[in-house]
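Contents: one structure, followed by commentary.
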Amino acid sequence: MNDMPPRDFIRQIIHDDLQSGKHATIVTRFPPEPNGYLHVGHVMSICLNFGVTEETSGKTFLRFDDTNPGKEREEFVRAIERDVHWLGFDWEDRLTHASDYFEQLYASAERLIELGVAYVDSLTADEIREHRGTLTEPGRNSPYRDRSVAENLDLFRRMRKGDFADGEHVLRAKIDMASPNMNLRDPALYRIRHINHQRTGSDWCIYPMYDFAHTMSDAFEGITHSLCTLEFEDHRPLYDWFLDQLEPAHRPRQIEFSRLNLAYTITSKRKLNALIEADVVTGWDDPRMPTIAGMRRRGYPAAAMRDFVKRCGVTKKDKLIEMGVLENSIREELGEQAQRRMAVLRPLKVVLTNYPENQVEMMSALNHPNRPELGTRELPFSRELWIEQDDFMEEAPRKFFRLKPGGEVRLRFGYIIRCDEVVKDGDGQIIELRCSYDPDTRSGSGTSDRKVKGTIHWVSAAQAVPAEVRLYDRLFTVPDPSAVEDFMTALNPDSLQVVEAKLEPALAEQPAGEAVQFERLGYFSVDSEDHSIEALVFNRIVTLRDSWAKIERQAMPAS
RNA sequence: UGGGGCGUAGCCAAGCGGUAAGGCAACGGGUUUUGAUCCCGUGAUGCGCAGGUUCGAAUCCUGCCGCCCCAGCCA
């Protein structure tokens, strides 16, 4: 199989179970409820469940936990399927729904009644809550707890037939109202809901609760290891109780791990939805959203997401991962894969006074500095160019080795130029730089070995292609927005900046879904929704590491 | 003040009685026509705290402290 030592405690358990012969093949499942979009936290679960079977030639089910009609929608199941596929995993023919098992689940429930360990309770929801007790006080038995098997069976069958209204009765497990574990104080198994289900229509008016449906679905599918997050840890005794009572052919084992929390983000579906409702973002796939759909639209590579969760590890400790880890995974992947192009985000006009008017030279530019096999492209060079406003400083510090009055800088893949004159408008704003170029310094010509400290990017003005470029930043200003009273107050007002950029011509044909590096700026990709040949729209995936920004920050500790 | 978990560097994380891996970040230095990439180097006499067992403890025992989860007919 594989000789690599297990990476985490779950793989350790699986390895041991394979070694001991307890299981010949591993079977896991990823069981989302289709009531929202998948987010970073789910990426961890998906990679774990599918990863573990990929490594051991096992099988993984994609099972929709659709036991609560009304909250679940078809839109979400399609989005979830797309997200799991995009991440690079395949469930083949193992796409299931908890609703596929409604009939078997019902039969199991009757069995529980026959065994005398389940009963129909006729208390109201409020009364049940009152009877449950508190964390420190035991609960009290329901007056309906000792109904006979026959009466329970009759009532339950009539519940199914639709003889009762919502909330009139509920099927409960008969365990222990005094258990210190609240989950064992006669948990509800079935509730009446006269509502159509997205898949079973009006076939049912009673629906199973999570604990029951999930445990038995695992058993029906022959799941060997049921991996879930920490908050279900004290549901495990209940999970095992169902298995003990019903003794299914397969006995799955539930193992819990801690969820992955990303700093400066929230993953609560309720809060994510609130952001959409408040128009803070444009939807579930807004590039600032921590949803898989949002990250995909932003341009994050699936390979980077997988690498990211791998670096985070699988443990039982609560974690809040720094953004830097995610960004590192993205940069590492894109640094290797993305071709390089030039684009100017905040243009400043440069006129080369000694360059012939109307002349256009084609400069050869490497598509990837470390991968010559990716070839070159031609860049038009002319008398009027755009450079980045940030690459010029009228009063520059010693360490600033870009363009300054009287200073020289290399234009990447072009010539070395010198700034001779700064042109300003009536308000003192710099509107143009008049420079001269050194004809002996053409890139690659070898006619000059002159060196200058700085190299900046540029785009020839006449051939420049205009584009809208969306610059994203973190959505929140605090590391753990979920800990803030009103998370809306922690929003970053500058999470999106839109600029009108000037691109080199080749960028007009940038294929969708393929990230590109704008040299010296970062990684970008075409927006899957708003981009068109007529109106180019790019999203910034992530900036490049910027040690100059760090130097500036240290120089002026304020702001 | 019931029950269940978790505490190793700023953030993650190995470690499974034999003397603290690795990654990210940070900080120094080198290469560089991207202040990118790449390459070198730097961090715990210390593993939540206090005792104990042992020749030897992050690993075993006891006690304490801190943080997270649980009182849906949600998942």
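Source: prediction; values computed, not measured.
- Closest approach of A:I417 and A:L352 over heavy atoms only: CG2-CD2, 3.7 Å.
- A:L544 comes within contact range of at least one nucleobase, with a heavy-atom separation under 4.0 Å.
- Taking atom C1' in both B:rU19 and B:rC55, the straight-line distance is 13 Å, to the nearest Å.
- Rounding to whole angstrom units, NZ of residue A:K316 and C1' of B:rA13 are separated by 17 Å.
- Side-chain atoms of A:R340 and base atoms of B:rU34 include a donor and an acceptor less than 3.5 Å apart.
- Under the 3.5 Å distance criterion, with hydrogens and angles disregarded, a donor-acceptor pair is assigned to the side chains of A:H235 and A:D211.
- With rounding to the nearest 0.5 angstrom, the CD atom of A:E408 is 7.0 Å from the CG atom of A:D438.
- Side chains of A:S122 and A:R147: a donor-acceptor N/O pair is present below 3.5 angstrom, by distance only.
- Side chain A:R520 to base B:rU34: no donor-acceptor pair is found below 3.5 Å.
- Distances shorter than 4.0 Å separate some side-chain N or O of A:K550 from OP1 or OP2 on B:rC27.
- Closest contact between the side chain of A:F401 and the listed nucleotides B:rG5, B:rG35, B:rG2 involves B:rG35.
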| said: Base contacts versus sugar-phosphate-only contacts with protein, heavy atoms under 4.0 Å: please encode nucleotides 66-75 of chain B as B, S and - from 5' to 3'. | reply: --SBBBSBSB
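- When the side-chain nitrogen and oxygen atoms of A:S547 are compared with OP1 and OP2 of B:rA36, one or more of them lie within a distance under 4.0 Å.
- Side-chain atoms of A:Q198 and A:E74 include no donor-acceptor pair closer than 3.5 Å.
- The separation between A:R341 atom CZ and B:rU34 atom C1' is 15 Å, rounded to whole Å.
- A:T315 comes within contact range of the sugar-phosphate backbone alone, with a heavy-atom separation under 4.0 Å but no base atom that close.
- Here, B:rA58 and B:rC47 have their P atoms 7 Å apart, quoted to the whole Å.
- Rounded to whole Å, the separation between the P atoms of B:rG18 and B:rG41 comes to 29 Å.
- Ion pairing between a basic and an acidic side chain is recognised when a charged N comes within 4.0 Å of a carboxylate O; A:R412 and A:E519 show such pairing.
- Base engagement by A:G444 is indicated by at least one non-hydrogen atom pair under 4.0 Å involving a base atom.
- At the phosphate of B:rC11, neither OP1 nor OP2 sits under 4.0 Å from any side-chain N or O atom of A:K319.
- Nucleotides B:rG63 and B:rC70 are separated by 26 Å at their C1' atoms, to the nearest Å.
- Taking atom CG on A:D8 and atom P on B:rC12, their separation rounds to 17 Å, with Å as the unit.
- If you check every strand for non-hydrogen atoms under 4.0 Å, A:Y207 touches nothing.
- Under 3.5 Å, the side chain of A:S443 and the base of B:rU33 form at least one donor-acceptor pair of N or O atoms.
- A gap of 7 Å separates the C1' atoms of B:rG22 and B:rA14, to the nearest Å.
- Ring-centre distance between A:Y101 and A:F220: below the 6.0 Å cut-off.
- If you take atom P in B:rC27 and the same atom in B:rG17, they sit 39 Å apart, rounded to whole Å.
- Atom pair A:I456:CD1 and B:rG35:P shows a separation of 10 Å (rounding to whole Å applied).
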Give me, pair by pair, the N or O atoms of the protein and of nucleotides 20-24 of chain B that are less than 3.5 Å apart, along with how far apart they are.
residue, atom, partner, partner atom, Å
B:rG23, O2', A:R311, NH1, 2.7

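- Within 3.5 Å, a donor on the side chain of A:Q517 pairs with an acceptor on the base of B:rU34, or the reverse.
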| How does RNA chain B look in dot-bracket notation if pairs are Watson-Crick or G-U with both distances under 3.5 Å, crossing ones as [ ], other-strand ones as |? | .(((((((.[[[..)..(...]]].(((((.......))))).....[[[[[..)....]]]]])))))).....
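- Within the nucleic acid shown, A:K451 comes within 4.0 Å of sugar-phosphate atoms alone, with no base atom in reach, counting heavy atoms only.
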| request: Could you give me the CA-CA distance, side-chain angles and deciding distance for A:Y37 and A:D83, then say whether side chain to side chain donor-acceptor pair (under 3.5 Å) is met? | output: CA-CA 9 Å; A:Y37 277 59; A:D83 290 346; over 6 Å; no
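- No contact: A:P138 has no heavy atom under 4.0 Å from any strand.
- Residue contacts for A:F212: at a heavy-atom cut-off of 4.0 Å it reaches no nucleic acid atom on any strand shown.
- One can place CG of A:D390 at 13 Å from P of B:rG35, the figure rounded to the nearest angstrom.
- The two residues A:P369 and A:R340 make their nearest non-hydrogen contact at CD-CD, 3.3 Å.
- Base orientation for B:rG28: anti, the chi torsion being more than 90° from 0.
- Taking the C1' atoms as reference points, B:rG28 lies 24 Å from B:rA20, given to the whole Å.
- If you take atom C1' in B:rA44 and the same atom in B:rG15, they sit 14 Å apart, rounded to whole Å.
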